[in-house]
Amino acid sequence: MTPDLFADLPIEMTTETLSEGAVVLRQFAFPQGRDLLGEIRRITATAHLRHMKTPGGHSMSVAMSCCGSWGWVTDARGYRYQAEDPCSGALWPAMPSVFSALAKSAALTAGYPDFTPDACLINCYEPGAKMGLHQDKNERDLSQPIVSVSLGLPQVFQFGGLTRSERPLNIPLGHGDVVVWGGPSRLRYHGVLTLKAGTHPLTGACRYNLTFRCAR
Ligand code: SIN
Ligand code: FE2
């Protein structure tokens, strides 16, 4: 039997408000952590993690994949959602029920009862990887929130305002933390600072982030 590395750690689920419509649900996904990581490994065995290129031609430092009916892609043609993985031409893998159930229950807890995501982006950050401040605005229905799940190594999440110039809050996120933003906060700028080197018992030297969206 493998010893459970977390067996003696108490889980403390708490809610922190960031702004109107935006919360951090601390450790909300902790119970599902191992299952989520197992599904990430299964999905990325066919829809490989890859460093996509921005429309400007820069390779992103985060490695990405997707599951669900729609996947987010970027290349020389721009940012968009599409049903096929451009690497293989196949449809993106289906969204596992452990993903959709967790995303729905996090959204409900944050005050969004009608959330049914049709897209999930899988981000994998290795030490040195980051994501600059940006808005999530390629989704059709902006009345639905974004649900973002952190797994593995800690990374500082930046949560800013509705303009790029507003100074962001710096929020350390750990394994199992979930951030939900919607309503008047749906178009707030956000990103993550450079991942510091470390080792997590479940993910090794990386951090995964799942973001759930209603894309189309
Ligand atoms: C994102 O904005 O798509 C990812 C944010 C994160 O990795 O926490
Ligand atoms: Fe984002």
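Computed from heavy atoms alone, side chains included, the values below leave out hydrogens, waters and symmetry copies. Both ligands and their constituent atoms are indexed starting at 1 by order of listing.
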Mode of R207 contact toward ligand 1 - side chain, backbone, both, neither (heavy atoms, under 4.0 Å) |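 Looking at R207 and ligand 1, just side chain atoms fall under 4.0 Å.
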Structural part of N123 in contact with ligand 1, heavy atom criterion under 4.0 angstrom | side chain
Ligand 1 contacted by M64 (non-hydrogen, < 4.0 Å) = no
Take every heavy atom of Q155, measure it against each atom of ligand 1, and state whether any distance is under 4.0 Å.
-> no
In a check of side-chain hydrogen bond (donor to acceptor under 3.5 Å, both in side chains) between S148 and each of N209, T211, D136, which one passes?
-> N209
For ligand 1, which atoms have a heavy atom of [X] less than 4.0 angstrom away?
{"X": "R213", "answer": "3 (O)"}
{"X": "V192", "answer": "6 (C), 7 (O), 8 (O)"}
{"X": "H190", "answer": "2 (O)"}

Can you tell me, to 10 degrees, how wide the angle at the Fe ion (ligand 2) is between OD1 on D136 and NE2 on H134?
-> 90°
Compare all side-chain heavy atoms of Y208 with those of V149 and state whether any distance is below 4.5 angstrom.
->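 In short, these two side chains do not touch, never coming nearer than 4.5 Å.
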Any side-chain heavy-atom pair of R216 and S69 under 4.5 Å =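 The answer is no; the side chains never approach within 4.5 Å.
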Counting distance only, does the side-chain N/O of R207 pair as donor-acceptor with the main-chain N or O of G152 below 3.5 Å?
->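 Looks like no, no N/O pair under 3.5 Å.
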Is K104 reaching over with its side chain to a backbone N or O of F115, donor-acceptor style, under 3.5 angstrom?
-> yes
Residue and atom name of the nearest protein heavy atom (relative to atom 7 (O) of ligand 1), distance in Å to one decimal =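 Atom 7 (O) of ligand 1 sits closest to the protein heavy atom Y125 OH, 2.6 Å.
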Which protein non-hydrogen atom lies closest to atom 1 (C) of ligand 1, naming both residue and atom, and how far is it?
->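 Result for atom 1 (C) of ligand 1: M131 SD, 3.6 Å.
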Point-to-point distance, once rounded to the nearest 0.5 Å, from CZ of R26 to CG of D177 | 4.5 Å
Quick one: pull up CD in Q155 and CG in L195 and give me the separation to the nearest 0.5 Å.
-> 4.5 Å
salt_bridge(R50, D85) N-O dist < 4.0 Å =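 Between D85 and R50 there is a salt bridge, with a charged N closer than 4.0 Å to a carboxylate O.
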Parallel, tilted or perpendicular: which describes the rings of F157 and W181, with under 30° parallel and over 60° perpendicular?
-> tilted
Can you find an N or O of T211 that's nearer than 3.5 Å to an N or O of ligand 1?
-> no
Out of L173, V179, N209, L210, indicate the one that has the non-hydrogen atom closest to atom 4 (C) of ligand 1.
->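 Comparing heavy atoms across L173, V179, N209, L210, the nearest one to atom 4 (C) of ligand 1 lies in N209.
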Among the N, O or S atoms of H190, the one nearest the Fe ion (ligand 2) | NE2
